[in-house]
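The structure appears right after this line, and notes come after that.
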Amino acid sequence: MADTTVPSTPPRGRRYVIRGGTVLSMNPAAGDFETADVLVEGKSIVAIGPELDTGDAEVIDARGRIVVPGFVDTHHHLFETALRSFLPDALLFNDGSGTPSADPSYFEYVLQKFSPAYRPQDVYINSLFGGLSQLDAGVTTVLDVSQIHHSPEHTDAAIQALVDTGRRSAFGYFEGDGRAGAAYPDDAYRVRNEWFSSDDQLVTMVMGGEMYLGDDVLTRSWTIARALDLPIAAHLIGSSGGSSLFDALVRGEGGANVRLGPDVLLFHMTGMSDFAWKAVRDAGVKVSLAVPVEMVMRHGTPPLLKMQELGMEPSLSSDVETTMTADPFTLMRSAMTVQRMLVNQAVLDQAGNQPATPPLLGTRDVLRFATVNGADHLSLGHRTGSLTVGKEADIVLLNATALNVAPVNNAPGAVVSLMDRTNVETVIVAGKIRKWKGQLLDADLDRLGHELEESRDYLFRAAGVRRNLLG
(Lines give C-alpha, C1' and ligand atoms only; values in the text may rest on other atoms or scores of the structure.)
Protein backbone atom coordinates (compact mmCIF):
# COMPACT_ATOMS: atom_id res chain seq x y z
CA MET A 1 0.00 0.00 0.00
CA ALA A 2 1.57 3.26 -1.11
CA ASP A 3 -0.81 5.58 0.70
CA THR A 4 -0.15 6.13 4.39
CA THR A 5 -1.36 9.65 5.15
CA VAL A 6 -4.80 9.94 6.66
CA PRO A 7 -6.11 13.52 6.34
CA SER A 8 -8.13 15.18 9.10
CA THR A 9 -10.04 17.16 6.48
CA PRO A 10 -12.12 15.76 3.60
CA PRO A 11 -10.21 14.70 0.50
CA ARG A 12 -9.83 17.62 -1.87
CA GLY A 13 -9.69 15.56 -5.03
CA ARG A 14 -12.11 13.13 -6.58
CA ARG A 15 -9.92 10.05 -6.15
CA TYR A 16 -9.78 8.61 -2.67
CA VAL A 17 -9.93 5.31 -0.85
CA ILE A 18 -12.12 4.45 2.13
CA ARG A 19 -9.60 2.35 3.99
CA GLY A 20 -10.00 -0.45 6.50
CA GLY A 21 -13.70 -0.48 7.34
CA THR A 22 -16.17 -3.32 7.74
CA VAL A 23 -17.89 -3.29 4.35
CA LEU A 24 -21.51 -4.37 3.88
CA SER A 25 -21.87 -4.04 0.11
CA MET A 26 -25.49 -5.33 -0.02
CA ASN A 27 -24.47 -6.98 -3.29
CA PRO A 28 -24.14 -10.77 -2.99
CA ALA A 29 -21.85 -10.84 -6.02
CA ALA A 30 -19.47 -8.30 -4.49
CA GLY A 31 -19.65 -9.83 -1.01
CA ASP A 32 -19.07 -8.39 2.45
CA PHE A 33 -15.73 -7.90 4.20
CA GLU A 34 -14.69 -7.77 7.82
CA THR A 35 -11.96 -5.38 6.69
CA ALA A 36 -11.72 -3.89 3.21
CA ASP A 37 -11.23 -0.76 1.13
CA VAL A 38 -13.50 1.07 -1.30
CA LEU A 39 -11.80 3.10 -4.05
CA VAL A 40 -13.71 6.05 -5.49
CA GLU A 41 -12.80 7.96 -8.64
CA GLY A 42 -14.96 10.89 -9.63
CA LYS A 43 -18.52 9.87 -8.85
CA SER A 44 -18.04 6.12 -9.18
CA ILE A 45 -16.85 3.12 -7.20
CA VAL A 46 -13.94 1.57 -9.09
CA ALA A 47 -12.69 -1.14 -6.70
CA ILE A 48 -13.68 -2.96 -3.50
CA GLY A 49 -11.51 -5.40 -1.60
CA PRO A 50 -8.93 -5.94 1.13
CA GLU A 51 -5.67 -3.95 1.03
CA LEU A 52 -6.19 -2.38 -2.38
CA ASP A 53 -3.13 -0.86 -4.03
CA THR A 54 -4.50 2.62 -4.69
CA GLY A 55 -1.30 4.52 -5.43
CA ASP A 56 -1.53 8.17 -4.46
CA ALA A 57 -5.27 8.18 -3.75
CA GLU A 58 -6.21 10.24 -0.70
CA VAL A 59 -7.27 8.19 2.31
CA ILE A 60 -10.40 8.18 4.45
CA ASP A 61 -9.64 6.17 7.58
CA ALA A 62 -12.58 3.81 8.08
CA ARG A 63 -11.14 1.71 10.91
CA GLY A 64 -13.86 1.14 13.49
CA ARG A 65 -16.50 2.12 10.94
CA ILE A 66 -19.16 0.11 9.12
CA VAL A 67 -19.36 1.11 5.46
CA VAL A 68 -22.78 0.75 3.86
CA PRO A 69 -24.64 2.05 0.79
CA GLY A 70 -26.55 5.27 1.29
CA PHE A 71 -30.06 4.73 2.61
CA VAL A 72 -33.08 5.26 0.33
CA ASP A 73 -36.45 6.71 1.42
CA THR A 74 -39.14 5.99 -1.18
CA HIS A 75 -41.89 8.30 0.14
CA HIS A 76 -41.34 11.53 2.08
CA HIS A 77 -43.44 14.72 2.12
CA LEU A 78 -40.58 17.19 2.44
CA PHE A 79 -42.75 20.30 2.15
CA GLU A 80 -44.17 19.59 5.63
CA THR A 81 -40.87 20.03 7.51
CA ALA A 82 -42.04 23.19 9.33
CA LEU A 83 -44.92 21.14 10.77
CA ARG A 84 -42.65 18.59 12.46
CA SER A 85 -44.11 17.13 15.67
CA PHE A 86 -47.34 19.10 15.18
CA LEU A 87 -49.41 15.89 15.13
CA PRO A 88 -47.56 13.41 17.38
CA ASP A 89 -50.79 11.76 18.56
CA ALA A 90 -52.87 12.15 15.40
CA LEU A 91 -54.83 9.83 13.18
CA LEU A 92 -55.01 10.18 9.43
CA PHE A 93 -58.71 11.08 9.64
CA ASN A 94 -60.90 12.41 12.45
CA ASP A 95 -62.84 9.39 13.71
CA GLY A 96 -65.30 11.49 15.73
CA SER A 97 -64.11 10.14 19.06
CA GLY A 98 -63.27 13.57 20.46
CA THR A 99 -59.83 12.36 21.58
CA PRO A 100 -56.47 14.08 20.95
CA SER A 101 -55.82 11.44 18.30
CA ALA A 102 -58.96 12.38 16.40
CA ASP A 103 -58.64 16.15 16.50
CA PRO A 104 -56.45 17.58 15.11
CA SER A 105 -56.16 15.00 12.33
CA TYR A 106 -53.69 14.93 9.45
CA PHE A 107 -56.21 15.22 6.63
CA GLU A 108 -58.14 18.13 8.13
CA TYR A 109 -55.21 20.17 9.36
CA VAL A 110 -52.25 19.50 7.07
CA LEU A 111 -54.07 19.05 3.77
CA GLN A 112 -57.08 21.32 4.29
CA LYS A 113 -55.74 24.10 6.55
CA PHE A 114 -51.97 24.33 6.11
CA SER A 115 -51.38 23.20 2.54
CA PRO A 116 -53.34 26.03 0.85
CA ALA A 117 -51.30 28.58 2.84
CA TYR A 118 -47.94 27.56 1.36
CA ARG A 119 -46.12 30.10 -0.78
CA PRO A 120 -43.32 29.02 -3.14
CA GLN A 121 -40.73 30.25 -0.63
CA ASP A 122 -42.28 28.04 2.05
CA VAL A 123 -42.05 25.04 -0.24
CA TYR A 124 -38.38 25.79 -0.89
CA ILE A 125 -37.14 26.21 2.69
CA ASN A 126 -39.21 23.28 4.00
CA SER A 127 -37.94 20.93 1.30
CA LEU A 128 -34.34 22.11 1.55
CA PHE A 129 -34.13 21.87 5.34
CA GLY A 130 -35.88 18.49 5.45
CA GLY A 131 -33.60 17.17 2.73
CA LEU A 132 -30.46 18.30 4.54
CA SER A 133 -31.73 16.71 7.74
CA GLN A 134 -32.14 13.36 6.02
CA LEU A 135 -28.76 13.71 4.33
CA ASP A 136 -27.29 14.21 7.79
CA ALA A 137 -28.95 10.92 8.81
CA GLY A 138 -27.41 8.99 5.91
CA VAL A 139 -30.38 9.06 3.52
CA THR A 140 -28.67 9.76 0.20
CA THR A 141 -31.74 9.19 -1.98
CA VAL A 142 -35.38 10.23 -1.53
CA LEU A 143 -38.66 10.27 -3.40
CA ASP A 144 -40.13 13.64 -2.48
CA VAL A 145 -43.90 13.16 -2.66
CA SER A 146 -44.51 16.80 -3.30
CA GLN A 147 -48.28 17.31 -2.99
CA ILE A 148 -47.96 21.09 -3.01
CA HIS A 149 -48.26 22.05 -6.68
CA HIS A 150 -50.66 24.94 -6.38
CA SER A 151 -48.86 26.71 -9.25
CA PRO A 152 -45.85 26.28 -11.54
CA GLU A 153 -43.96 28.57 -9.15
CA HIS A 154 -44.58 26.13 -6.30
CA THR A 155 -43.34 23.33 -8.55
CA ASP A 156 -40.13 25.11 -9.49
CA ALA A 157 -39.42 25.95 -5.84
CA ALA A 158 -39.77 22.28 -4.86
CA ILE A 159 -37.39 21.14 -7.59
CA GLN A 160 -34.84 23.87 -6.85
CA ALA A 161 -34.76 22.78 -3.21
CA LEU A 162 -33.95 19.20 -4.22
CA VAL A 163 -31.18 20.43 -6.51
CA ASP A 164 -29.74 22.69 -3.81
CA THR A 165 -29.82 19.90 -1.21
CA GLY A 166 -27.21 18.07 -3.27
CA ARG A 167 -28.40 14.53 -2.72
CA ARG A 168 -29.97 12.03 -5.09
CA SER A 169 -33.69 12.77 -5.33
CA ALA A 170 -36.70 11.67 -7.29
CA PHE A 171 -39.04 14.64 -7.62
CA GLY A 172 -42.61 13.41 -7.24
CA TYR A 173 -44.92 15.64 -9.27
CA PHE A 174 -48.26 15.27 -7.50
CA GLU A 175 -51.36 17.45 -7.26
CA GLY A 176 -51.88 20.73 -5.40
CA ASP A 177 -55.07 22.28 -4.07
CA GLY A 178 -56.62 22.80 -7.51
CA ARG A 179 -56.76 26.60 -7.36
CA ALA A 180 -57.01 28.76 -10.47
CA GLY A 181 -53.59 28.71 -12.06
CA ALA A 182 -52.76 25.20 -10.91
CA ALA A 183 -51.28 23.26 -13.83
CA TYR A 184 -51.15 19.65 -12.61
CA PRO A 185 -50.89 17.26 -14.39
CA ASP A 186 -50.34 18.98 -17.75
CA ASP A 187 -47.40 21.09 -16.55
CA ALA A 188 -45.42 17.85 -16.42
CA TYR A 189 -44.41 18.44 -20.03
CA ARG A 190 -42.79 21.76 -19.12
CA VAL A 191 -41.22 20.36 -15.97
CA ARG A 192 -39.75 17.40 -17.82
CA ASN A 193 -38.33 19.63 -20.56
CA GLU A 194 -36.93 22.39 -18.34
CA TRP A 195 -35.65 20.41 -15.37
CA PHE A 196 -35.24 16.78 -16.45
CA SER A 197 -34.18 16.78 -20.09
CA SER A 198 -31.56 14.19 -19.12
CA ASP A 199 -32.16 11.09 -17.00
CA ASP A 200 -28.47 11.03 -16.07
CA GLN A 201 -28.59 13.63 -13.31
CA LEU A 202 -28.77 13.67 -9.53
CA VAL A 203 -32.45 14.68 -9.46
CA THR A 204 -34.93 12.69 -11.55
CA MET A 205 -38.72 12.80 -11.95
CA VAL A 206 -41.64 10.60 -10.90
CA MET A 207 -45.27 11.26 -11.86
CA GLY A 208 -47.93 11.25 -9.18
CA GLY A 209 -51.08 9.46 -10.30
CA GLU A 210 -53.57 9.35 -7.43
CA MET A 211 -56.74 7.33 -7.90
CA TYR A 212 -58.78 9.46 -5.50
CA LEU A 213 -58.59 12.45 -7.87
CA GLY A 214 -61.20 10.95 -10.21
CA ASP A 215 -61.05 9.10 -13.51
CA ASP A 216 -60.29 12.18 -15.65
CA VAL A 217 -57.21 13.32 -13.71
CA LEU A 218 -56.15 9.71 -13.15
CA THR A 219 -56.23 8.98 -16.86
CA ARG A 220 -54.44 12.21 -17.79
CA SER A 221 -51.68 11.78 -15.22
CA TRP A 222 -50.92 8.18 -16.14
CA THR A 223 -51.11 8.93 -19.87
CA ILE A 224 -48.67 11.83 -19.49
CA ALA A 225 -46.34 9.68 -17.39
CA ARG A 226 -46.22 6.98 -20.04
CA ALA A 227 -45.73 9.56 -22.81
CA LEU A 228 -42.79 11.10 -20.93
CA ASP A 229 -41.37 7.72 -19.85
CA LEU A 230 -41.73 8.56 -16.15
CA PRO A 231 -42.32 6.16 -13.24
CA ILE A 232 -45.71 6.53 -11.55
CA ALA A 233 -46.46 6.63 -7.81
CA ALA A 234 -49.68 6.73 -5.78
CA HIS A 235 -51.08 6.26 -2.26
CA LEU A 236 -53.42 3.35 -1.50
CA ILE A 237 -55.06 3.11 1.93
CA GLY A 238 -57.97 0.74 2.44
CA SER A 239 -59.44 2.65 5.38
CA SER A 240 -60.04 5.70 3.16
CA GLY A 241 -61.78 3.89 0.32
CA GLY A 242 -58.66 2.95 -1.56
CA SER A 243 -59.51 -0.73 -1.76
CA SER A 244 -62.63 -0.31 -3.89
CA LEU A 245 -60.92 2.28 -6.10
CA PHE A 246 -57.98 0.00 -6.71
CA ASP A 247 -60.13 -3.06 -7.38
CA ALA A 248 -61.91 -1.04 -10.06
CA LEU A 249 -58.61 -0.02 -11.62
CA VAL A 250 -57.41 -3.63 -11.65
CA ARG A 251 -60.64 -4.60 -13.43
CA GLY A 252 -59.76 -2.11 -16.16
CA GLU A 253 -62.22 0.60 -15.13
CA GLY A 254 -59.67 3.39 -14.66
CA GLY A 255 -59.45 4.65 -18.23
CA ALA A 256 -56.91 4.51 -21.04
CA ASN A 257 -53.26 3.93 -20.14
CA VAL A 258 -54.17 3.25 -16.49
CA ARG A 259 -52.60 -0.15 -16.32
CA LEU A 260 -50.28 -1.67 -13.76
CA GLY A 261 -46.67 -2.37 -14.56
CA PRO A 262 -43.15 -2.44 -13.12
CA ASP A 263 -42.98 1.35 -13.54
CA VAL A 264 -45.59 1.80 -10.77
CA LEU A 265 -44.78 2.35 -7.07
CA LEU A 266 -47.64 2.20 -4.54
CA PHE A 267 -47.46 3.55 -0.98
CA HIS A 268 -48.94 1.68 2.00
CA MET A 269 -51.26 -0.86 0.29
CA THR A 270 -52.99 -1.40 3.64
CA GLY A 271 -56.38 -3.12 3.58
CA MET A 272 -56.20 -4.22 -0.05
CA SER A 273 -58.04 -7.26 -1.40
CA ASP A 274 -56.32 -10.53 -2.33
CA PHE A 275 -57.52 -9.86 -5.88
CA ALA A 276 -55.63 -6.56 -5.94
CA TRP A 277 -52.51 -7.99 -4.34
CA LYS A 278 -52.24 -10.76 -6.93
CA ALA A 279 -52.60 -8.21 -9.71
CA VAL A 280 -49.82 -6.11 -8.17
CA ARG A 281 -47.49 -9.07 -7.88
CA ASP A 282 -48.19 -10.33 -11.39
CA ALA A 283 -47.62 -6.87 -12.90
CA GLY A 284 -44.31 -6.34 -11.10
CA VAL A 285 -45.60 -3.30 -9.19
CA LYS A 286 -43.37 -2.02 -6.36
CA VAL A 287 -44.68 -1.28 -2.84
CA SER A 288 -43.27 1.19 -0.31
CA LEU A 289 -44.20 0.74 3.36
CA ALA A 290 -44.10 3.56 5.91
CA VAL A 291 -44.37 1.20 8.85
CA PRO A 292 -44.18 3.62 11.83
CA VAL A 293 -46.77 5.99 10.35
CA GLU A 294 -49.04 3.18 9.21
CA MET A 295 -49.17 1.77 12.73
CA VAL A 296 -49.56 5.11 14.52
CA MET A 297 -52.01 6.90 12.20
CA ARG A 298 -54.44 4.01 11.57
CA HIS A 299 -53.64 3.32 7.96
CA GLY A 300 -53.98 -0.37 8.78
CA THR A 301 -51.53 -3.14 9.60
CA PRO A 302 -48.41 -2.85 7.41
CA PRO A 303 -48.81 -5.68 4.87
CA LEU A 304 -45.43 -7.27 5.47
CA LEU A 305 -46.86 -10.78 5.84
CA LYS A 306 -48.97 -10.48 2.70
CA MET A 307 -45.93 -9.42 0.73
CA GLN A 308 -43.92 -12.36 2.05
CA GLU A 309 -46.78 -14.70 1.16
CA LEU A 310 -46.61 -13.43 -2.43
CA GLY A 311 -42.82 -13.49 -2.65
CA MET A 312 -42.53 -9.70 -2.65
CA GLU A 313 -40.33 -7.30 -0.70
CA PRO A 314 -41.01 -3.65 0.16
CA SER A 315 -38.90 -0.57 0.20
CA LEU A 316 -39.13 1.65 3.28
CA SER A 317 -40.35 5.21 3.64
CA SER A 318 -40.86 7.86 6.29
CA ASP A 319 -44.03 9.55 4.95
CA VAL A 320 -44.85 12.48 7.28
CA GLU A 321 -42.64 14.16 9.88
CA THR A 322 -45.73 15.76 11.40
CA THR A 323 -46.07 12.51 13.34
CA MET A 324 -42.87 10.44 13.19
CA THR A 325 -39.15 10.81 12.60
CA ALA A 326 -37.68 10.32 9.13
CA ASP A 327 -34.43 8.53 10.00
CA PRO A 328 -33.63 5.16 8.38
CA PHE A 329 -32.87 3.36 11.63
CA THR A 330 -36.40 3.90 12.94
CA LEU A 331 -37.80 2.64 9.62
CA MET A 332 -35.69 -0.52 9.63
CA ARG A 333 -36.35 -1.38 13.27
CA SER A 334 -40.08 -0.77 12.91
CA ALA A 335 -40.37 -3.05 9.89
CA MET A 336 -38.45 -5.84 11.59
CA THR A 337 -40.16 -5.64 14.96
CA VAL A 338 -43.76 -5.47 13.70
CA GLN A 339 -43.21 -8.40 11.33
CA ARG A 340 -41.63 -10.47 14.09
CA MET A 341 -44.40 -9.50 16.51
CA LEU A 342 -47.07 -10.76 14.09
CA VAL A 343 -45.25 -14.00 13.32
CA ASN A 344 -44.23 -14.66 16.92
CA GLN A 345 -47.78 -14.16 18.15
CA ALA A 346 -49.06 -16.58 15.52
CA VAL A 347 -46.60 -19.17 16.83
CA LEU A 348 -47.63 -18.54 20.44
CA ASP A 349 -51.31 -18.80 19.52
CA GLN A 350 -50.65 -22.33 18.29
CA ALA A 351 -49.59 -23.33 21.80
CA GLY A 352 -46.11 -24.25 20.73
CA ASN A 353 -47.05 -26.00 17.49
CA GLN A 354 -45.30 -24.32 14.59
CA PRO A 355 -47.98 -22.86 12.28
CA ALA A 356 -47.48 -22.12 8.60
CA THR A 357 -45.94 -18.70 9.02
CA PRO A 358 -43.42 -16.76 6.93
CA PRO A 359 -39.81 -16.62 8.10
CA LEU A 360 -38.91 -14.05 10.70
CA LEU A 361 -37.27 -10.96 9.22
CA GLY A 362 -33.66 -10.39 10.22
CA THR A 363 -31.49 -7.33 10.34
CA ARG A 364 -29.94 -7.98 6.94
CA ASP A 365 -33.41 -8.23 5.40
CA VAL A 366 -34.52 -4.78 6.50
CA LEU A 367 -31.11 -3.32 5.64
CA ARG A 368 -31.77 -4.59 2.11
CA PHE A 369 -35.24 -3.01 2.15
CA ALA A 370 -33.66 0.35 3.08
CA THR A 371 -30.94 0.29 0.42
CA VAL A 372 -31.15 -2.09 -2.55
CA ASN A 373 -34.94 -2.29 -2.68
CA GLY A 374 -35.35 1.46 -2.36
CA ALA A 375 -33.05 2.14 -5.28
CA ASP A 376 -34.75 -0.49 -7.43
CA HIS A 377 -38.21 0.88 -6.60
CA LEU A 378 -37.17 4.34 -7.81
CA SER A 379 -35.69 2.92 -11.04
CA LEU A 380 -32.23 3.86 -9.77
CA GLY A 381 -30.84 0.42 -9.02
CA HIS A 382 -28.34 0.73 -11.87
CA ARG A 383 -26.82 3.77 -10.18
CA THR A 384 -27.12 3.29 -6.42
CA GLY A 385 -28.44 1.04 -3.63
CA SER A 386 -25.38 -1.19 -3.20
CA LEU A 387 -21.60 -0.86 -3.09
CA THR A 388 -20.81 -2.21 -6.53
CA VAL A 389 -17.97 -1.46 -8.92
CA GLY A 390 -19.37 0.78 -11.63
CA LYS A 391 -22.19 2.23 -9.55
CA GLU A 392 -22.09 5.77 -8.26
CA ALA A 393 -20.50 6.27 -4.86
CA ASP A 394 -23.42 6.83 -2.50
CA ILE A 395 -21.72 5.68 0.70
CA VAL A 396 -22.26 6.09 4.45
CA LEU A 397 -19.63 5.51 7.16
CA LEU A 398 -21.18 4.55 10.50
CA ASN A 399 -19.21 4.94 13.72
CA ALA A 400 -19.09 1.52 15.35
CA THR A 401 -16.78 2.61 18.18
CA ALA A 402 -19.47 4.83 19.71
CA LEU A 403 -20.81 4.26 23.21
CA ASN A 404 -24.17 2.94 21.95
CA VAL A 405 -22.64 0.30 19.66
CA ALA A 406 -19.19 -0.92 20.77
CA PRO A 407 -18.06 -3.64 20.79
CA VAL A 408 -19.43 -4.91 17.49
CA ASN A 409 -20.08 -8.64 17.18
CA ASN A 410 -22.46 -8.60 14.20
CA ALA A 411 -22.26 -5.73 11.71
CA PRO A 412 -25.81 -5.83 10.23
CA GLY A 413 -27.13 -6.29 13.76
CA ALA A 414 -25.18 -3.29 15.01
CA VAL A 415 -26.52 -1.08 12.21
CA VAL A 416 -30.18 -2.06 12.52
CA SER A 417 -30.59 -2.95 16.18
CA LEU A 418 -28.33 -0.43 17.91
CA MET A 419 -27.50 2.57 15.76
CA ASP A 420 -29.22 5.92 15.32
CA ARG A 421 -28.47 9.10 13.37
CA THR A 422 -25.65 10.04 15.78
CA ASN A 423 -23.62 7.15 14.38
CA VAL A 424 -23.73 8.61 10.86
CA GLU A 425 -20.23 10.04 10.59
CA THR A 426 -19.51 10.52 6.88
CA VAL A 427 -21.98 10.72 3.97
CA ILE A 428 -21.00 10.63 0.30
CA VAL A 429 -23.31 11.28 -2.68
CA ALA A 430 -22.08 10.48 -6.20
CA GLY A 431 -18.51 10.65 -4.91
CA LYS A 432 -18.93 14.05 -3.25
CA ILE A 433 -18.44 14.17 0.52
CA ARG A 434 -21.47 15.90 2.04
CA LYS A 435 -20.93 15.05 5.70
CA TRP A 436 -17.49 14.67 7.26
CA LYS A 437 -16.75 13.33 10.74
CA GLY A 438 -20.19 14.26 12.01
CA GLN A 439 -20.42 17.70 10.37
CA LEU A 440 -22.73 18.45 7.43
CA LEU A 441 -20.80 20.40 4.81
CA ASP A 442 -21.80 23.30 2.57
CA ALA A 443 -24.88 24.27 4.56
CA ASP A 444 -25.52 27.32 6.78
CA LEU A 445 -27.83 25.50 9.16
CA ASP A 446 -28.27 28.44 11.54
CA ARG A 447 -29.53 30.69 8.75
CA LEU A 448 -31.69 27.98 7.24
CA GLY A 449 -33.12 27.13 10.65
CA HIS A 450 -34.20 30.74 11.16
CA GLU A 451 -35.80 30.79 7.71
CA LEU A 452 -37.68 27.59 8.50
CA GLU A 453 -38.98 29.06 11.77
CA GLU A 454 -40.15 32.15 9.90
CA SER A 455 -41.97 29.92 7.44
CA ARG A 456 -43.50 27.93 10.32
CA ASP A 457 -44.75 31.11 12.01
CA TYR A 458 -46.27 32.37 8.76
CA LEU A 459 -47.99 29.05 8.02
CA PHE A 460 -49.60 28.85 11.45
CA ARG A 461 -50.86 32.44 11.15
CA ALA A 462 -52.15 31.95 7.62
CA ALA A 463 -53.86 28.68 8.53
CA GLY A 464 -55.43 30.19 11.65
CA VAL A 465 -53.94 27.46 13.85
CA ARG A 466 -52.50 28.09 17.28
CA ARG A 467 -49.28 26.33 18.22
CA ASN A 468 -49.62 24.27 21.38
CA LEU A 469 -45.98 24.00 22.40
CA LEU A 470 -46.63 22.08 25.61
CA GLY A 471 -49.12 19.67 24.05
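Index from 1, following the sequence.
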> Is the NZ or CZ atom of R421 positioned over F329's six-membered ring, under 6.0 angstrom from the centre and within 45° of the axis?
Replying inline: no
> Taking all atoms of both residues into account, what is the closest heavy-atom pair of S386 and V372, and its distance?
Replying inline: CB-CG2, 4.3 Å
> Can K278 and D282 be counted as an ion pair, charged N to O under 4.0 angstrom?
Replying inline: no
> Do D199 and R192 meet the salt-bridge criterion of a basic N to acidic O distance under 4.0 Å?
Replying inline: yes
>> Heavy-atom count check: over 12 atoms from other residues, nucleotides or ligands less than 6.0 Å from R179 CZ?
In response: yes
>> Please determine whether side-chain contact (heavy atoms from CB on, under 4.5 Å) holds for the pair V396 and I428, giving the CA-CA distance in whole Å, both sets of side-chain angles, and the decisive distance to 0.1 Å.
In response: CA-CA 6 Å; V396 175; I428 301 166; over 6 Å; no
> Is any side-chain heavy atom of M269 less than 4.5 Å from a side-chain heavy atom of K306?
Replying inline: no
>> Classify the ring geometry of F267 against H235: parallel below 30°, tilted from 30° to 60°, perpendicular beyond 60°.
In response: perpendicular
>> What I want to find out is whether R364 reaches D32 closely enough, with some N-O distance under 4.0 Å, to be called a salt bridge.
In response: yes
> How long is the gap from CG on D95 to CZ on R298, to the nearest 0.5 Å?
Replying inline: 4.5 Å
> Can you name the nearest heavy-atom pair linking H149 to F174, along with the distance?
Replying inline: CD2-O, 3.0 Å
>> To check you understand the geometry: which heavy-atom pair defines the closest contact between R383 and D200, and what is its length?
In response: NH2-OD1, 3.9 Å
>> One thing to verify: whether D156 and R190 come together as a salt bridge, which I'm taking to mean a side-chain N less than 4.0 angstrom from a carboxylate O.
In response: yes
> Do R456 and D122 sit within salt-bridge range, that is, some charged N less than 4.0 Å from a carboxylate O?
Replying inline: no
>> Quick check for you: to the nearest 0.5 Å, what is the distance between D319 atom CG and D73 atom CG?
In response: 9.0 Å
> In this structure, which one of Y106, F460, Y109 forms a ring pair (Phe, Tyr, Trp, His ring centres under 6.0 Å) with F114?
Replying inline: F460
> What heavy-atom pair brings V72 and T371 nearest, and what distance separates the two atoms?
Replying inline: CG2-O, 3.7 Å
